[in-house]
Every structure is written in C-alpha cells, then in structure tokens.
Amino acid sequence: MPHTPNTPNTLKGTVPVRTEEPQATSRAGADATAHATTHDVTVDAPADTVYALLADATAWPLRFPPNIHVERTASGDGWERLRMWATANGEVKSWTSRRDLDPAARRIVFRQEASAPPVASMRGEWVVEPAGAAACTLTLLHEFSAVDDDPAGIQWIHEATDRNSRAELANVKALAEQADRNDELTFTFTDEVEINGPAEQVYTFLARAEEWPRRLPHVSRLDLREDVPGVQLMAMDTRTGDGSTHTTESVRVCFPESRIVYKQTVVPALMSAHTGEWSLRSEGTKVRAVSRHTVTLKEDAITSVLGPEATVASARSFIRRALGGNSTATLALAKQFAEAGGE
C-alpha cells in the first residue's frame, strides 16, 4: 500500500532482491509479530529522476493506481505528514503517515502513524541506488504487523502489500523511463461558476451523485456506494456528443460543504489516469464553484480512438472539450439548484 516514515535502521542496508516473501522478524510491541517484505526493480533512468517521482507524494494518485488521494497535513525540515486514501484488495483504506526524506542519500523512510485494520503497524523505506549515469535500482521495503496477529489479517496485508508494491514499482519505472514525455501527456484545467446561493446547497448537489441521472442530461446511469461515510464508490455511464456512451468508475473522498476529490479507477480508452476535484469557496453572499481535472493521456491509444491523423495536441483538445463540457453543464445545474433553494 502507498505509504510514509520512521523506519527502523534494520531496514537500511538490506540487500535488494526481486521479491522476498514476508518473514516474521521480531515482536511488534508485546503482542504482534512483525513481517518483512522486499521488492525491487531496475530502472533505465537516472537515480535523481526516480527519487523526484517518489518525493512528490501529492502527485501519487495520478501516478500509482492504488492511490486515490494524498494530502500533506504538516511538514518540516526533511519530513512531512500525509493523509492517504488508497485501494487495497478492492477496499478503500485511509491512514496517516510520516515520511522522512533524504535527497542526498535518495532514501525515503515511512511509517503509518494511524493505520486502518487489519493493519496494526506499517513502516518501510524507498531506496534508490545508482547503477551508472542513466540507470538505478529501486527497492521498496516493508515491515508490518496485523491486529491481534490474526492469520487472515496477515495474509490480507501481505497480498495487498505485494500487489500494490509491484504496481508502484512498475509505474515508477514506466514514468521515469518516459520522463521526457510526461509533461506533454499530463495536463490540468479548470472550469468555474459564480453562484448566488449557499455553499451547502451546491455541495449537496455535487455529493448526492446518485441523483445525477435525473439531474444531468449527460449521465444515463450512476451506481453509488458509501460504505464508509465520506468515501464514495461510483460507477457511471456518460453520454458523449456523438451519442455513444462510456463507462467510468471512480472513488470520491468528500469533505463536507467545501470539496470533493476523486480518482477514476476505470478510465476512458484515451486516458491512462484522471483525477479531479470539486471545490467551493464562499465570497460574501456568493459561492465560487470550481471543477479541476488532471489527465494523463494514453499515447498509444490516440490514433485508435481519434483517428490516424490525431496527435497529442488534438487529444488534449478533445479531452478538454469533453470533460470541460460535462463539468460546465454540471456546475450550471448546481447553480440552478442552489439558487432555487434546492429540493
């Protein structure tokens, strides 16, 4: 699972191996046994490039499939505290982590300060070791324990850690090895509207997405689950301008009456990643509602989706029009809803 700091010194200096099965190594506190895993990958990119990708944790939701949202809640000289939401074995988990960053040594040590069951404790380290000027080895170490040493919990954590670690290492490798393309393929844009109504009404419109099929013309179906308050799992069918329909799945994290952040976990064919946010800012008696999208294009799908003459530039324009059009329509209807006093 994606992470953060204060790992024991025993992790430092561990000889990297491809994948090491979890081993009971010590007692975590009086009751829980600590288990250790190691994963590593060779990256054909400079060590500094790889370290920079790891250091920018707030960008992880766009870069790593398991990560949904990351917020930096505090920071100091060489450390930061993060609130993180991520999927693990099909579930959405949230925790608080601390990271200690050492750019000179290219190491990041992490420790979960508030874990989500079945995890009792989780700590580890990212280690980037140069292998010449244009290559390096990236190692990801974990040490964890399960609540009550429950065997099912241990197995669950091992499976989640192994799956997410493999995905993270593969994504770091791919991103670092095409770093020269990332700036062109990834872009952010916003749409906004001024509303003469209370923020709580605007928030209600955006948060109650299960009502969107009857409120938004471009939404034909929407299934929403909220097993954990404030964390929504959403599957939606959206009509496009040519009359076709595409299906997306998203996880949304809601911050009542101020913003909703989300990540699409199933994206349209033209994208490899898509994150976004609905944010509300009160300005006197008015509210400024803003929709923000950040998208990474799937470059090898551009011509198959948009035709043989399509380019990265035309794909960016296409997505800007499509997503921006839907966002603008949603904001306009949220404005109408709030200014009419809701339902």
Side-chain angles (χ1 to χ4, degrees), residues 61 68-69 85 87 90-92 189-271 273-283 285-295 305 318-343:
I68 302 301
H69 182 59
W85 288 260
T87 57
E91 301 177 40
V92 179
F189 59 91
T190 62
D191 296 288
E192 61 181 72
V193 65
E194 185 178 85
I195 299 173
N196 293 306
E200 56 266 29
Q201 292 287 2
V202 184
Y203 179 83
T204 295
F205 185 94
L206 297 173
R208 291 177 56 189
E210 71 275 11
E211 302 288 343
W212 285 4
R214 70 180 183 87
R215 290 176 172 166
L216 301 179
H218 62 272
V219 177
S220 60
R221 179 190 67 91
L222 194 146
D223 296 327
L224 186 141
R225 287 172 41 211
E226 190 169 347
D227 300 332
V228 176
V231 177
Q232 299 178 339
L233 281 69
M234 191 167 79
M236 179 170 66
D237 290 343
T238 303
R239 298 185 185 92
T240 60
D242 62 5
S244 61
T245 299
H246 66 253
T247 299
T248 59
E249 294 182 10
S250 304
V251 178
R252 308 203 310 174
V253 181
C254 302
F255 301 88
E257 298 185 12
S258 62
R259 61 196 175 108
I260 299 170
V261 298
Y262 61 88
K263 176 178 178 175
Q264 285 190 344
T265 53
V266 174
V267 295
L270 196 53
M271 308 176 195
H274 175 205
T275 63
E277 178 179 9
W278 302 97
S279 62
L280 308 176
R281 184 175 69 250
S282 295
E283 299 176 343
T285 60
K286 300 179 180 180
V287 174
R288 185 161 301 278
V290 180
S291 168
R292 176 183 57 80
H293 298 274
T294 301
V295 172
V305 174
F318 176 87
I319 287 177
R320 176 66 180 95
R321 290 193 303 273
L323 291 182
N326 288 345
S327 295
T328 300
T330 301
L331 290 174
L333 289 168
K335 173 182 172 72
Q336 178 180 316
F337 177 88
E339 292 180 348
E343 294 181 342

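Since the structure is predicted, the reported quantities are computational estimates derived from the model, not experimental observations. Here, residue 1 is the first one in the sequence, and each next residue gets the next number. The figures here come from the full heavy-atom set of this structure, side chains too, leaving out hydrogens, waters and symmetry mates.
- In this pair, His274 and Tyr262 present their aromatic rings perpendicular. The plane angle is above 60°, beyond the 30 to 60° band.
- Between the NZ atom of Lys286 and the CD atom of Glu194 there is a distance of 4.0 Å, given to the nearest 0.5 Å.
- With a 4.5 Å cut-off on side-chain heavy atoms, Thr87 and Val92 count as touching.
- Across Val290, Thr190, Ile260, a single residue satisfies side chain to side chain contact (heavy atoms under 4.5 Å, CB included) together with Ser279, and that is Val290.
- Atom CG in Asn326 sits 8.5 Å away from atom CG in Leu216 (nearest 0.5 Å).
- Side-chain atoms of Glu339 come within 3.5 Å of backbone N or O of Asn196 as a donor-acceptor pair.
- Residues Ile68 and Pro61 come closest through the heavy atom pair O-CB, 3.4 Å.
- Under the rule for a side-chain hydrogen bond (donor to acceptor under 3.5 Å, both in side chains), the partners of Asp191 that lie at least two apart in sequence or sit in another chain are Arg320.
- The closest donor-acceptor contact from the side chain of Glu226 to the backbone of Gly230 lies under 3.5 Å.
- Here Arg221 pairs with Asp223 in a salt bridge; the nearest charged N to carboxylate O distance falls below 4.0 Å.
- Of all the heavy atoms in Gln264 and Ser250, the pair that sits closest is CG-OG, 3.3 Å.
- Rounding to the nearest 0.5 Å places OG of Ser327 at 7.5 Å from NE2 of His218.
- Heavy atoms only, all atoms of each residue included: Ser291 and Trp278 are closest at CB-CZ3, 3.6 Å.
- Without hydrogens or angle criteria, Gln232 side chain to Ala207 main chain gives a donor-acceptor distance under 3.5 Å.
- In this structure, CG on Leu206 lies 9.5 Å from CZ on Phe337, to the nearest 0.5 angstrom.
- Heavy atoms only, all atoms of each residue included: Val202 and Ala338 are closest at CG2-CB, 3.6 Å.
- Looking only at side-chain heavy atoms (C-beta outward), Thr275 and Val261 stay at 4.5 Å or farther from each other.
- Within 6.0 Å of CZ on Phe318 lie no more than 12 heavy atoms contributed by other residues, nucleotides or ligands.
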Output, in order, the C-alpha distance, side-chain angles, deciding distance and verdict of side chain to side chain contact (heavy atoms under 4.5 Å, CB included) for Leu280 and Tyr203. CA-CA 8 Å; Leu280 308 176; Tyr203 179 83; 3.8 Å; yes
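- Here the side chains of Leu333 and Arg215 are not in contact, with every heavy-atom distance at 4.5 Å or above.
- Taking the six-membered ring where the residue is Trp, His69 and Phe255 present perpendicular rings, their angle passing 60° and hence far from 30°.
- Summarising the geometry of Gly324 relative to Phe189, their closest heavy-atom pair is N-CE1, 4.0 Å, with the distance given to 0.1 Å.
- For the pair Gln201 and Gly341, the tightest heavy-atom approach, listed with the atom from each and the gap, is NE2-O, 3.4 Å.
- Rounding to the nearest 0.5 Å places CZ of Arg288 at 11.0 Å from CG of Leu331.
- Residues Thr248 and Met236 are in side-chain contact: their nearest non-hydrogen atoms beyond the backbone lie under 4.5 Å apart.
- Taken to the nearest 0.5 Å, the NE2 atom of His293 stands 8.5 Å off from the CE atom of Met271.
- In this structure Ala209 satisfies the side chain to side chain contact (heavy atoms under 4.5 Å, CB included) test together with Trp212, Leu222, Leu224, Met234, Arg252, sequence neighbours excluded.
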